[in-house]
Amino acid sequence: MPNSAPSPPAAVLSGLAGCVPPRVVTNDELAERLATDDAWIRTRTGIRRRHVIEPGQATSDLAVEAGHRALGNAGVDSVDAVIVTTTTPDRPCPATAPTVAARLGLAGAAAFDVGAVCTGFVYGLATAAGLITSGVAGRVLLVGADTYSTIVDPLDRANAIIFGDGAGAVVLRAGRADEPGAVGQFDLGSDGAYEDLITVAAGGSRKRSTGDEVQRSERHFAMRGSEVYRHAVTRMAESARTVLRTGGWKIDDVDHFVPHQANLRILHSVADDLGLPRERCVANVDSVGNTGAASIPLALADAVAQQVIRPGDRLLLTAFGGGLTWGSCLLTWPELPLPAHPYDRGEEAPS
Ligand code: UT7
């Protein structure tokens, strides 16, 4: 009999949850303090509301809640590693993941942050999969969490309308590559030549905090919106095509395209570019805005809770963000207990 070596373990998704803070900010509320209006925001972005944390709350508060729910969804109370992916850590040092791990009763597990701005969840998924397939960890909790309300200038109308706060989490376990839920094919990329398109300029080692006025404005999030928009459409479509080619999938094999929820027009443009019917594009940006690294797991939690995504469905996840960074992943949705719906969608169906 030929000697067949056991195949290396694959990372299999085994738990999912999302969470947003209770406070809702509508477009009308923003229009009370900014020169904007509900019609402009809806037409340009598809967003009608977003959730924001209260003063005193931080990213780890959302990450802990999402992590707690995801562990419950997976039916486990221990993991070997906790990864938090965020652009809005509780503080520059130390990383947020050890705090999250300790508050979840997971002290002792490896814990570290991954930074890839809005692509963070896909990068985090690849990192978690690497820990599992290399045998370093048997089970990983991955949390995407962001509180952009803490870094966006509340008077910057272009950015204040887009972002919302939230967290989404998944549990991954060692399993087989042919199981539903196995995360296999990835495409990851970056181009730092465009580092200035999405940035918080000060507060790091290049522009250290000195407390003067210029520094204060440079500590806010800045984005060259229309240039980012063009890159987002091109790079997401390219990344999606690459991962489909690597995985041997055709566009018709994709039951649900789950993109980073940047802006509804961007999502639809990417779907159109790929030749994917728009109804196969999962979109919840209308209810939560752009939640950064949380956006893909929050969109998944929303669609799975509503049973739009069902076991056996084939998913294409694609993200894009500052860096520039981009990434995609293919997976078949596994059988999981239904997660609680992470938020009330409001009275109005998305348009
Ligand atoms: O998650 C990371 C990736 N980020 C994104 O994907 C965001 C990508 N970018 C976008 O979503 C869009 O660029 C925005 C929503 C940020 C802006 O939409 P746009 O259609 O690209 O507008 P624009 O920046 O080209 O600005 C058009 C006009 C400008 O006025 P003038 O110069 O033509 O008089 C802006 O000042 O719209 C103005 N404007 C607004 N007007 C009303 C910008 N923001 C607003 C606003 N309300 N909130």
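When a ligand or atom number is given, it counts from 1 through the structure's own listing order.
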- Task: List the closest protein heavy-atom neighbour of atom 16 (C) of ligand 1: residue, atom name, distance to the nearest 0.1 Å.
- Result: Ile162 CD1, 3.4 Å
- Query: ligand 1 versus Ala160, non-hydrogen atoms closer than 4.0 Å: side chain, backbone, both, neither?
  - Reply: neither
- Task: Answer yes if a protein heavy atom lies under 4.0 Å from atom 26 (O) of ligand 1, otherwise answer no.
- Result: no
- Item | Of Cys19, Pro21, Pro342, Ser60, the residue whose pairing with Glu65 passes side-chain contact (heavy atoms from CB on, under 4.5 Å) | Cys19
- Check Ser226 against ligand 1 and report side chain, backbone, both or neither, counting heavy atoms closer than 4.0 Å. both
- Query: Counting both backbone and side chain atoms, is some N or O of Tyr229 under 3.5 Å from an N or O of ligand 1?
  - Reply: no
- Query: Using a heavy-atom cut-off of under 4.0 Å, does the side chain or the backbone of Arg44 touch ligand 1, or both, or neither?
  - Reply: side chain
- Item | ligand 1 atoms in contact with His260 (distance to a heavy atom under 4.0 Å) | 1 (O), 2 (C)
- With atoms numbered from 1 as shown, which atoms in ligand 1 lie under 4.0 angstrom from a non-hydrogen atom of Arg265? 20 (O)
- Test: Asp255 and Arg314 ion pair at under 4.0 Å: no
- Item | Residue pairs, two or more places apart or on separate chains, that pass ring pair (Phe, Tyr, Trp, His ring centres under 6.0 Å) and touch residues 236-262 | none
- Gap separating the CG atom of Leu30 from the CZ atom of Arg50, nearest 0.5 angstrom: 4.5 Å
- Give, for atom OG1 of Thr45 and atom CG of Asn27, the distance between the pair rounded to the nearest 0.5 Å. 7.0 Å
- Can you tell me which residue and heavy atom of the protein come closest to atom 15 (C) of ligand 1, and the distance to 0.1 Å? Thr45 CG2, 3.6 Å
- Query: Can you check whether Val64's main-chain N or O pairs, donor with acceptor, with Arg103's side chain at less than 3.5 Å?
  - Reply: no
- Flag yes if more than 12 heavy atoms outside His231 fall under 6.0 Å of its NE2 atom; otherwise flag no. yes
- Item | Proximal ligand 1 atoms for Ile161, defined as those under 4.0 Å from one of its heavy atoms | 48 (N)
- Item | Shortest protein contact, atom 2 (C) of ligand 1 (heavy atom only) | Cys118 SG, 3.6 Å
- Note on the structure: Quick note on ligand 1: atoms under 4.0 Å from a heavy atom of Ala35 include exactly 42 (C), 47 (N)
- Query: Given the protein's heavy atoms, is any one of them under 4.0 Å from atom 21 (O) of ligand 1?
  - Reply: yes
- Which heavy atom of the protein is the closest neighbour of atom 4 (N) of ligand 1, given with residue, atom name and distance? Met223 SD, 3.4 Å
- Query: Can you tell me how far the CG atom of Leu324 sits from the OG1 atom of Thr119, to the nearest 0.5 Å?
  - Reply: 8.5 Å
- Query: What do we get for Ile266 next to ligand 1 when only non-hydrogen atoms under 4.0 Å count, side chain, backbone, both or neither?
  - Reply: side chain
- Which residue and heavy atom of the protein sit nearest atom 36 (O) of ligand 1, plus the separation: Arg157 NH2, 2.9 Å
- Message: Heavy atoms only: which of Val228, Thr87, Val285 lies closest to atom 5 (C) of ligand 1?
- Response: Val228
- Message: So if I count the atoms of ligand 1 from 1 in the order they appear, which ones are less than 4.0 Å from some heavy atom of Asn290?
- Response: 1 (O), 2 (C)
- Mark yes or no for whether Arg69, through its side chain, and Gly18, through its backbone, hold a donor-acceptor pair below 3.5 Å. yes
- Is there a donor-acceptor pair closer than 3.5 Å between any side-chain N or O of Asn284 and the backbone N or O of Ser287? no
- Task: Determine whether the side chains of Asp187 and Ser328 contain a donor N or O and an acceptor N or O closer than 3.5 Å.
- Result: no
- Query: How far is atom 11 (O) of ligand 1 from its nearest protein heavy atom, and which residue and atom name does that atom have?
  - Reply: Asn263 ND2, 2.7 Å
- Task: Inspect the surroundings of CZ in Arg33 and state if more than 12 heavy atoms from other residues, nucleotides or ligands are less than 6.0 Å away.
- Result: yes
- Got the closest protein heavy atom to atom 40 (C) of ligand 1, with its distance? Trp40 CZ2, 3.3 Å
- Task: Specify the protein heavy atom at minimum distance from atom 47 (N) of ligand 1: its residue, its atom name, and the distance to 0.1 Å.
- Result: Thr36 OG1, 2.7 Å
- Check Val12 against Pro180 and note the closest heavy-atom contact, atom names and distance. CG1-O, 3.6 Å
Please set out all donor-acceptor pairs under 3.5 angstrom arising from side-chain atoms of residues 162-178, sequence neighbours excluded.
| residue | atom | partner | partner atom | Å |
| --- | --- | --- | --- | --- |
| Asp165 | OD1 | Tyr148 | N | 3.0 |
| Asp165 | OD1 | Ser149 | N | 3.1 |
| Asp165 | OD1 | Ser149 | OG | 3.4 |
| Asp165 | OD2 | Ile53 | N | 2.9 |
| Asp165 | OD2 | Ser149 | OG | 2.6 |
| Arg173 | NH2 | Glu179 | OE1 | 2.7 |
| Arg176 | NE | Asp178 | OD1 | 2.9 |
| Arg176 | NH2 | Asp178 | OD1 | 3.4 |

- Hey, is atom 32 (O) of ligand 1 touched by any protein heavy atom at less than 4.0 Å? no
- Note on the structure: To atom 8 (C) of ligand 1, the nearest of Ala262, Gly225, Gly323, Gly292 on a heavy-atom basis is Gly225
